Amino acid sequence: MQSHAPTVFPTPERVGALDRLGDEIAELSAHLDAATARLLDLIREFDARGGWNGGFRSCAAWLSWRVGLDLGAARERVRVARALGTLPLLAGALARGELSYAKVRALTRVATPETEARLLGVGRAGTAAHVERIVRGWRLVDRRAEARETARRHANRALHVYQDEDGMVVVRGRLEPEVGALLMQALAAARETLYQRARVPEGADGRGNVSAETPPLAQRQADALALLAETALHHGLDPGAPGERYQVVVHVDLPVLADPVQPGQSVLEDGARVSSETSQRLACDASRVVMRHDEEGRVVEIGARTRTIPPVLRRALQHRDRGCRFPGCGVRVGQGHHLHHWAQGGPTTLSNLALLCRRHHRAVHEEGFQVARGPDGALRFRRPDGRPLPEVPPPAEVPADPTKVLRACHESSGLRLTARTACPGWLGERLDVGWAIDVLHPRAQKRTLDGAASR
Ligand SMILES: [Zn+2]
Ligand SMILES: [Zn+2]
């Protein structure tokens, strides 16, 4: 094995030259950290003002597309940028080049406005490795507290059912959030089933559709609960597969699919109207059951259930596109989008299909984004205002000597950075993480005090 560095005699000139090289590295690093603080400010503002919201699923996805960060790194930037919005001390230390981005990134995983000052002390005193270890210990304390909170909620779940003096049965209870959501969805579904027939099918919108006989919500809830109980017993308490629990059924007239301006109906099973753009999207890639209605709207014929895009073609599409084709997206699971809709005569062929994730399928049907295949076979996306949305954005212009520009920029704002700016105060003593957490973490302190009090 050869050694990596050439063997040289440490003459004073060589030592001096290497020191200067090291200082230059340290100074430029401090400048980059200070510039990163500015970058994070800009990202936070862009995020808060929804600058990415024109077709991208998140600020991180936009960042990844625009500046070429991998998605994980982009998410981390956005997370740190948001966190620093409420942590002025850490943000200031980064902006002055006193704390490296690596340390700030680690500290923002646990810092709150309440603990920020202490953690800034940790960042100033320790090396990046110390900070990382303290943050890991800190999170453990936080996670235990969170687990205790979840366990407490779970232990407090209860449902009391008892008979009142007049013979009515009273129901009262506390459910965990996800169980509560399930119950509310089930009650909503049962209410729809019981009361959709009470609605006037045409005419006034929303609340106006509910006929005069519809009882108030509390009474409908009571009836819905009865239906839930009956249904559960009737089906032997079989919860079924997750996807079958609640389905959306859209009734749409064929002319509406072909041309949104055509009159016709486009309604959900419960009678709520959806836009013709939405029904076009739902029909783009769906199971299709054709029902023929007579003049009075009665169903006279029901065809077999068919897939709009047959399974073989879908596999070929998935294999060719691999994921969502919207610029900067690439989400693996997608829906087949007909570039020229089948209801308008577009063929269901590979060349007329593109894979889009749910978010971006909505973007092209309902938000005005356009996609077409160019003569060279490549997809071309356009923003709602017609401007092209390229796969790769144009590169930013970079000055020939970035250090000079950064230094000039920082000095003009009164910031003088040197090779010593970001040095930790650590003097080489051993780090006792357990002791450090006990001293610093508010919950750990409380635990220590509780422990001491009970002793
Ligand atoms: Zn589509
Ligand atoms: Zn997408």
Side-chain angles (χ1 to χ4, degrees), residues 47 50-72 74-75 78 248-250 252-262 266 268 274-288 306-311 313-374 378-384 387-393:
D47 180 35
W52 51 271
N53 216 345
F56 288 89
R57 58 171 51 236
S58 66
C59 189
W62 178 87
L63 202 58
S64 168
W65 170 77
R66 186 60 200 262
V67 307
L69 285 173
D70 76 76
L71 197 58
R75 279 201 201 102
V78 175
V248 178
V249 178
V250 190
V252 50
D253 284 357
L254 206 53
V256 179
L257 269 187
D259 179 5
V261 222
Q262 284 282 319
S266 197
L268 293 178
V274 294
S275 74
S276 47
E277 286 78 17
T278 303
S279 43
Q280 279 199 344
R281 169 167 59 82
L282 295 173
C284 217
D285 181 359
S287 289
R288 191 161 68 198
T306 55
R307 299 285 315 176
T308 309
I309 302 173
L313 192 57
R314 157 168 295 284
R315 275 198 293 280
L317 177 65
Q318 181 74 45
H319 180 76
R320 187 197 63 187
D321 286 359
R322 286 167 194 283
C324 177
R325 292 299 312 276
F326 200 89
C329 182
V331 163
R332 295 287 294 276
V333 199
Q335 306 172 329
H337 169 63
H338 284 73
L339 299 169
H340 181 198
H341 203 283
W342 60 262
Q344 294 160 336
T348 301
T349 56
L350 263 189
S351 60
N352 190 41
L353 288 172
L355 205 62
L356 292 175
C357 70
R358 184 184 287 272
R359 164 76 187 81
H360 289 128
H361 203 189
R362 173 178 289 279
V364 299
H365 277 283
E366 282 123 301
E367 292 168 15
F369 285 84
Q370 299 141 47
V371 53
R373 204 177 284 287
L379 291 177
R380 304 240 195 297
F381 285 83
R382 285 181 179 283
R383 295 182 167 91
R387 284 181 303 145
L389 185 60
E391 189 72 43
V392 178

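The shown structure was predicted, so the numbers you read here are calculated from the model rather than taken from an experiment. Read the numbers this way: they start at 1 and go in the same order the structure lists the ligands and their atoms.
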**Item:** From His337 atom NE2 to Phe326 atom CZ, the distance as rounded to the nearest 0.5 Å
**Value:** 11.0 Å

**Item:** Among the N, O or S atoms of His365, the one nearest the Zn ion (ligand 1)
**Value:** NE2

**Asked** Rounded to 10°, how many degrees is the angle NE2/His361-the Zn ion (ligand 1)-SG/Cys284?
**Response** 110°

**Asked** Taking just the N, O or S atoms of His360, which one is nearest to the Zn ion (ligand 2)?
**Response** ND1

**Message:** Show, in sequence, the C-alpha distance, side-chain angles and deciding distance for Phe381 and Phe369, and conclude whether the ring-ring contact (aromatic ring centres under 6.0 Å, His included) test is met.
**Reply:** CA-CA 7 Å; Phe381 285 83; Phe369 285 84; 8.6 Å; no

**Message:** Within this structure, what is the CG-CZ distance for the pair Leu356 and Arg358, rounded to the nearest 0.5 Å?
**Reply:** 12.5 Å

**the Zn ion (ligand 2) to nearest N/O/S of Cys329 below 2.8 Å** = yes

**Request:** Tell me which N, O or S atom of His337 sits nearest to the Zn ion (ligand 1).
**Result:** ND1

**Request:** Scan Arg314, His361, Arg362 and name whichever one has a side-chain hydrogen bond (donor to acceptor under 3.5 Å, both in side chains) with Gln335.
**Result:** His361

**Request:** Mind listing the closest non-hydrogen atom pair of Leu379 and Ala354 along with its distance?
**Result:** CD1-CB, 3.9 Å

